[in-house]
Amino acid sequence: MNELEYLDAAEKLLLAVEQTCDRINDETDADIDAQRVGGLLTLIFANRSQIIINLQPPLHEVWLAAKSGGYHYKFDGSVWRDTKTGHDFFADLTRDASVQSGLALVFKA
């Protein structure tokens, strides 16, 4: 994957997360504040807990930091996969966001 392909895929991922936050806020009582500065997206939940998603261009990775830990994802051509477990980014984000918010939330591309 070259730099432009990485940036395109990473931008699509961040946009999907932002759009999902908007949908969740419209359809539920969740109050997720999605704050983005460049390649850093911070999700702040009503209980003030946070999930941070950060692009890592030199490594062609996306990092996710949640209460459960820190995770690194690489794009396999179709989905972003955890470099250690192989888990899908959106499945992990769904798990962590649901735990941290106390609500059954679903994030998807």
Report the C-alpha separation of Leu43 and Cys21 in whole Å, then their side-chain angles, then the decisive distance to 0.1 Å, and conclude whether the side chain to side chain contact (heavy atoms under 4.5 Å, CB included) test is met.
CA-CA 9 Å; Leu43 307 182; Cys21 287; 3.6 Å; yes

Derivation and outcome, side chain to side chain contact (heavy atoms under 4.5 Å, CB included), residues Gln50 and Lys67
CA-CA 8 Å; Gln50 298 181 9; Lys67 282 187 172 185; over 6 Å; no

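- Rounding to the nearest 0.5 angstrom, the gap separating the CD1 atom in Ile51 from the CG atom in Leu93 is 5.5 Å.
- Under the salt bridge (Lys or Arg N to Asp or Glu O under 4.0 Å) criterion, Asp82 pairs with no residue at all, not counting sequence neighbours.
- The CG atom of Leu59 lies 10.0 Å from the OG1 atom of Thr83; values are rounded to the nearest 0.5 Å.
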When you look at Glu5 and Asp8, which way does the side chain to side chain contact (heavy atoms under 4.5 Å, CB included) test go after all the steps?
CA-CA 5 Å; Glu5 291 168 330; Asp8 183 55; 5.8 Å; no

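- Using a 4.5 Å cut-off on side-chain heavy atoms (C-beta onward), Arg81 and Lys74 make no contact.
- Taken to the nearest 0.5 Å, the CG atom of Leu105 stands 11.5 Å off from the CD atom of Glu27.
- Between Asp92 and Arg95, at least one side-chain N (NZ, or NE/NH1/NH2) sits under 4.0 Å from a carboxylate O, which counts as a salt bridge.
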Determine whether Val62 and Ile53 satisfy the following criterion, side chain to side chain contact (heavy atoms under 4.5 Å, CB included), listing intermediate values before the conclusion.
CA-CA 7 Å; Val62 172; Ile53 302 162; 3.7 Å; yes

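- Remark: the backbone N or O of Phe107 is not paired with any side-chain donor or acceptor of Thr20 at under 3.5 angstrom.
- Counting heavy atoms from C-beta outward, Leu64 and Phe89 have side chains that approach closer than 4.5 Å.
- Clustering ILVMFWY residues whenever any of their side-chain heavy atoms sit less than 4.5 angstrom apart, transitively, puts Ile24 in the very cluster that holds Leu103.
- In this model, no donor atom of one side chain and acceptor atom of the other lie less than 3.5 Å apart for His72 and Gln56.
- Taking the six-membered ring for Trp and thresholds of 30 and 60 degrees, Tyr6 and Trp80 have ring planes more than 60 degrees apart, a perpendicular arrangement.
- The environment of Asp29 atom CG is sparse: at most 12 non-hydrogen atoms of other residues, nucleotides or ligands sit within 6.0 angstrom.
- The CZ atom of Arg23 lies 9.0 Å from the CD1 atom of Ile32; values are rounded to the nearest 0.5 Å.
- With a 4.5 Å cut-off on side-chain heavy atoms, Leu55 and Trp63 do not count as touching.
- For the residue pair Asp96/Ser98, the side-chain donor-acceptor check at 3.5 Å is not satisfied.
- A distance-only check finds no donor-acceptor pair linking the side chain of Gln100 to the backbone of Phe45 [under 3.5 Å].
- Expressed to the nearest 0.5 Å, how far CG of Leu7 lies from CE of Met1 amounts to 9.5 Å.
- Of all heavy-atom pairs spanning Asn25 and Ala30, the tightest one is OD1-O, 3.1 Å.
- With respect to the salt-bridge test (charged N to carboxylate O, under 4.0 angstrom), the residues Lys12 and Glu18 do not qualify.
- Put simply, CG on Leu14 and CZ on Arg36 are 4.5 Å apart, with the number rounded to the nearest 0.5 Å.
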